[in-house]
Q: 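Here's a structure for you.
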Amino acid sequence: MEPQNPASTPERADSNRYNPSEIEQKWQAEWEAKGQNHADDNDPRPRFYNLVMFPYPSGDLHIGHWYNFTGVDVYGRYQRMNGYNVMQPLGFDAFGLPAENAAIKRGVQARKWTLSNIENMRRQLKTMGGIWDWDREVVSCLPDYYKWTEWLFLKLYEAGLAYRAKAPVNWCPNDQTVLANEQVLSDGTCERCGAVVEKRDLEQWFFKITAYADRLLEYNGLEWPEKTMTMQKNWIGRSEGARVIFNINAPDGETIPVPVFTTRPDTLYGVTFFLLAPEHPLLDRLTTPENRAAMTEYQAKARAESEIERQSTDKTKTGVFTGSYAVNPINGEQVPIWVTDYVLMGYGTGAVMGVPAHDQRDFEFARTMNLPVKLVYQPDGREINADEMTEALVHEGSVVNSGPFNGLPDSKETIQKFIAFLEEKGVGKAEVTYRLRDWLISRQRYWGSPIPMVYCDTDGIVPVPEDQLPVILPENVNFRPDGLSPLKYEPDFINTTCPKCGGPARRETDTLDTFMCSSWYFLRYCDPHNAEAAFDKAKVNHWMPVDQYTGGPEHATLHLLYARFFTKALYDLGLLDFEEPFRRLFHQGMIRSEGKKMSKSRGKTVAPDALVEQFGADAVRSFLMFLGPFDQGAEWNDKTEQLLIGVSRFLNRVWNLVQAGFNAPAGEFVTTPEIEKEIRRTTHKTIKRVEDDLGHWAFNTALSGLMEFSNTLGEIASREPGIYGNPAWKEAIETLLLLLAPLSPHITEELWHQMGHDDTIHVQRLPAYDPSLAVDEVTTVIIQINGKVRDKLEIPVGLDEDAVKAAVLASPKVAQAVGDGHPKKVIYVPGKLINVVV
RNA sequence: GCGGGAGUGGUGGAAUGGCAGACACGGCAGACUUAAAAUCUGCUGGCCGCAAGGUCGUGAGGGUUCGAGUCCCUCCUUCCGCACCA
């Protein structure tokens, strides 16, 4: 038997074997020499800014990075082949603790350690053949970058958006630094290292992100995952309500007005007690001598409890009576003041009015402490009794026991009426409260951007003048065993002169949160070498906002929130013409190892280098995309790697399919219009499928579509050996290469050239889908009897319904099932299925 | 506790309410080979059957429909987020 697959034809020269590493190196060098991945600012094509989140240079590129970057690169290449001028930069988020820890542990310089990691990662990254625009690379720990980080800090300071204040802050005892609220997980642990975070009262630098709370709740024109927007909205936590002043009669005889925040001023007549947080500063004054001991004990207990214990919702309510009373401003009633740990000092005013009938927490508190419950709403159509209630009545019924307000429905309007009344009496006003706190940006660490501020005994806090930037971070520093920042012991760094008075002054030794570096890096990519400014406004306005941003969902309330705030602040400063940095956002899935994210800090990473060496970058890229939907990620285990074989075989088949065309003997082009049509049909069906899939990040099904296509072509070639000279065949092979090019850029470039093209495949336009060429001539109709598949029938496309029904009813199986009578019902789905109900 | 996603062969996964398991991996058999590798061909969800075929089958149980992996209800498992925010 003659070999059916042309690949095994003995004539095929061995030199024409698919040799990935050879062609990959060749083309990578060629692309780099031509600079064809550099996006020109003045290119006439429409721009497409394809951005991947700034990686941290942890040392080597593991398979998780490859997965992430490959998906982004496939998408960028796809858009470039759609005719866009794609800008796809990459850089390194190079400040941060791991470098400092390496310096402490192993005595290497943080800068050296970081830069050598970057060098290694850059080298590894280049092997994947991405269209990274290396001319635009930014490295955040280098002075030409952090100079502008400092400068932007000064701009925000001038705008009143940066300030220094003493506040209760999060302290990570392991990392020896304060953290922003966003860097503390909901279980009270450090987002970086997992240590339990403590509260400390410290003077720190903040950005006034709360001033942008309302604007951060708008997502005009953004195509973001709903979930991410919801997470941000919840984090910002806007609530509308009222501030109501209660007068407190202190034991010392004075009357102290104490405000509370409530979303339910319409339940004011139902207040039966008043609550303060254990940390509330007034407690000392309000506690009467007979309650003092219990109070001191309670406060101590609350302090000792971790945030997790304290905020647990299912523990029973606790509290202590102060002995003092507050006056309800709406009816003059005196209510007892209690302390409880479910009132938080950090939210609202740290004081709450207790309405047990209509708030579940207050209800539980009242039942535990035997405090009265007073209904000020009754459900419509029935009456409930406060003594028999088992839970609070929330948002139901009409107002009762509330003087002039009785009979009003539970509604926004009713709340407005109460607020109007409070305002009239001067005891309250409408107010909006947020959960969001200001962004704490100073860190007691060495390896970060210096904060360009000095402290002068005469002039206080003084910003470093712009022309003295950057404040250079010293490189040869001595780490101390106490874990404190070495900058504190660096006299050459600390001692300076005051820019105002010229007298002796001290530099700020805290450094900036690295999230500040990543809050503007996407702007610097637009103008990376600018020595005169952070960026040129026109260039940034040309490229921004980012058309497609891709990164993990874990940054929803961290980087993604900060970057939006930063962009809005810079917009207000007139530095930008747009308010939102990232128009479209996509979260790729992650490669997991034993259920956890693969990352160096968690150990257990898989290096791709050996795989790339053995199978080639094209195979590794395509294999990673073949694992499943890109937003789903994959579990990495011993079996995962086996799937690489299949993709590698596929690339070999593609290679051999193209070689077969060159090796075909000339002059035997026997084809028929039917075969030509068949080839064009499968070609155009594939174009439709694969291009749709690529545009929707469905790279796994795009590849299976291409595999089917190449299998079909191989099958046709073995059936019709004279097909190779046919134009339809050539079109099919070129289509295969073009559609595969984003996923496997090297092999397709090589074969494209072998086919006689002089220019690169990667800036060709993707083939256009022609529906008229994709239509089938015959189609298979599934025949069901009572919903079960019983037979199939080939019919010409477009055959009318009656003819199909007649043919089906005449078929022996159906005739047998129907018997003598008539079918009860016949359902016909045109061209697809017919269901005969008997 | 609340909100969202997911649960399909031995494995990764595919399926606008219309042939479940595409495409691959692995396995079995065969071709080529002195042999192996590579490559190619065929088969490969379970059960019954020599076969034709039948029958069961998408986490569990109900429902809607001529027809459900897909829609609805209840529940289980798992991942993610939130969790006393007044």
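Throughout, a chain's letter reflects where its sequence line sits, starting with A, and its residues are numbered from 1.
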Q: What's the base orientation of B:rG81: syn (chi within 90° of 0) or anti?
A: anti

Q: Which nucleotide, in any strand shown, forms a Watson-Crick or G-U wobble pair with B:rG7, with both distances under 3.5 Å?
A: B:rC76

Q: In whole Å, measure the gap between the P atoms of B:rG61 and B:rA68 for me.
A: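 Pairwise P distance, B:rG61 against B:rA68, rounds to 15 Å.
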
Q: Taking donor-acceptor contacts at under 3.5 Å, does the side chain of A:Lys639 reach the base of B:rC25?
A: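 Between B:rC25 and A:Lys639, which were checked side chain against base, a qualifying N/O pair under 3.5 Å is absent.
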
Q: Can you confirm whether A:Tyr342 sits close enough to A:Leu344 that some side-chain heavy atom of one is under 4.5 Å from a side-chain heavy atom of the other?
A: no

Q: Verify the neighbour count for atom CD of A:Glu613: are there more than 12 heavy atoms of other residues, nucleotides or ligands below 6.0 Å?
A: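 No - once you tally the heavy atoms of other residues, nucleotides and ligands closer than 6.0 Å, there are 12 at most.
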
Q: How would you label the contact of A:Asn700 with the nucleic acid (heavy atoms, under 4.0 Å): base, sugar-phosphate, or nothing?
A: sugar-phosphate

Q: Please check if the distance between the ring centroids of A:Phe623 and A:Phe615 is under 6.0 Å.
A: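 No; A:Phe615 has its ring centre 6.0 Å or more from that of A:Phe623.
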
Q: Please write out the pairs of protein N or O atoms and N or O atoms of nucleotides 26-29 of chain B separated by less than 3.5 Å, giving the distance to one decimal.
A:
from	atom 1	to	atom 2	distance (Å)
B:rG26	OP2	A:Arg649	NH1	3.3

Q: C1' atom, B:rG45 versus B:rU8: distance in rounded Å?
A: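 These two C1' atoms come out 11 Å apart once rounded.
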
Q: Please give, in whole Å, the distance from B:rU11 P to A:Leu644 CG?
A: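 The distance from CG of A:Leu644 to P of B:rU11 comes to 21 Å, rounded to the nearest Å.
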
Q: By the 4.0 Å heavy-atom rule, please label A:Phe650 as base, sugar-phosphate, or nothing.
A: nothing

Q: Quote, to the nearest angstrom, the P distance that separates B:rG12 from B:rC82.
A: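 Comparing P positions in B:rG12 and B:rC82 gives a spacing of 29 Å.
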
Q: Select base, sugar-phosphate, or nothing to describe what A:Ser239 touches, counting heavy atoms under 4.0 Å on all strands.
A: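 Touches sugar-phosphate only.
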
Q: Looking only at heavy atoms, what is the nearest atom pair of A:Ile415 and A:Thr263, with distance?
A: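 So the two residues come closest at CD1-O, 3.9 Å.
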
Q: Give me the distance, rounded to whole Å, that separates B:rA86 from B:rC79 when you measure between the P atoms they each carry.
A: 30 Å

Q: Checking A:Asp362 side chain against A:Val355 main chain: does a donor-acceptor pair fall under 3.5 Å?
A: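 Between the backbone of A:Val355 and the side chain of A:Asp362 there is a qualifying donor-acceptor contact (under 3.5 Å).
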
Q: Whether the side chain of A:Lys832 and the base of B:rC19 hold a donor-acceptor pair under 3.5 Å is what I'd like checked.
A: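 No such pair is found, so the answer is no.
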
Q: Measuring only the C1' atom in each nucleotide, how far is B:rG9 from B:rG5? A whole number of Å is fine.
A: 24 Å

Q: With a 4.0 Å cut-off on heavy atoms, is A:Arg790 in touch with a base, just the backbone sugar-phosphate, or nothing at all?
A: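 The answer is sugar-phosphate, as A:Arg790 gets under 4.0 Å only of primed atoms, P, OP1 or OP2.
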
Q: Classify the ring geometry of A:Trp697 against A:Phe630: parallel below 30°, tilted from 30° to 60°, perpendicular beyond 60°.
A: parallel

Q: For a quick check of understanding: with a heavy-atom distance under 4.0 Å over all strands, which category does A:Pro629 fall into, base, sugar-phosphate or nothing?
A: sugar-phosphate

Q: Is the ring pair A:Phe274/A:Phe246 parallel, tilted or perpendicular, if the boundaries are 30 and 60 degrees?
A: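 It falls in the tilted class, 30° to 60°.
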
Q: Just checking A:Leu627: base, sugar-phosphate only, or nothing, at a heavy-atom cut-off of under 4.0 Å?
A: sugar-phosphate

Q: Considering every strand and a 4.0 Å limit on heavy-atom distances, what is the contact class for A:Val260: base, sugar-phosphate, or nothing?
A: nothing

Q: Using a heavy-atom cut-off of under 4.0 Å over every strand shown, decide if A:Gln784 touches base, sugar-phosphate, or nothing.
A: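 It contacts base atoms.
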
Q: Under the 3.5 Å rule, do the base of B:rC66 and the side chain of A:Lys824 count as making a donor-acceptor pair?
A: no

Q: For nucleotides B:rU70 and B:rG81, find the distance between their C1' atoms and express it as a whole number of Å.
A: 26 Å

Q: Which whole number of Å gives the distance between the C1' atom of B:rA60 and that of B:rA51?
A: 37 Å

Q: For B:rU11 versus B:rG59, give the span between their P atoms, rounded off to a whole number of Å.
A: 14 Å

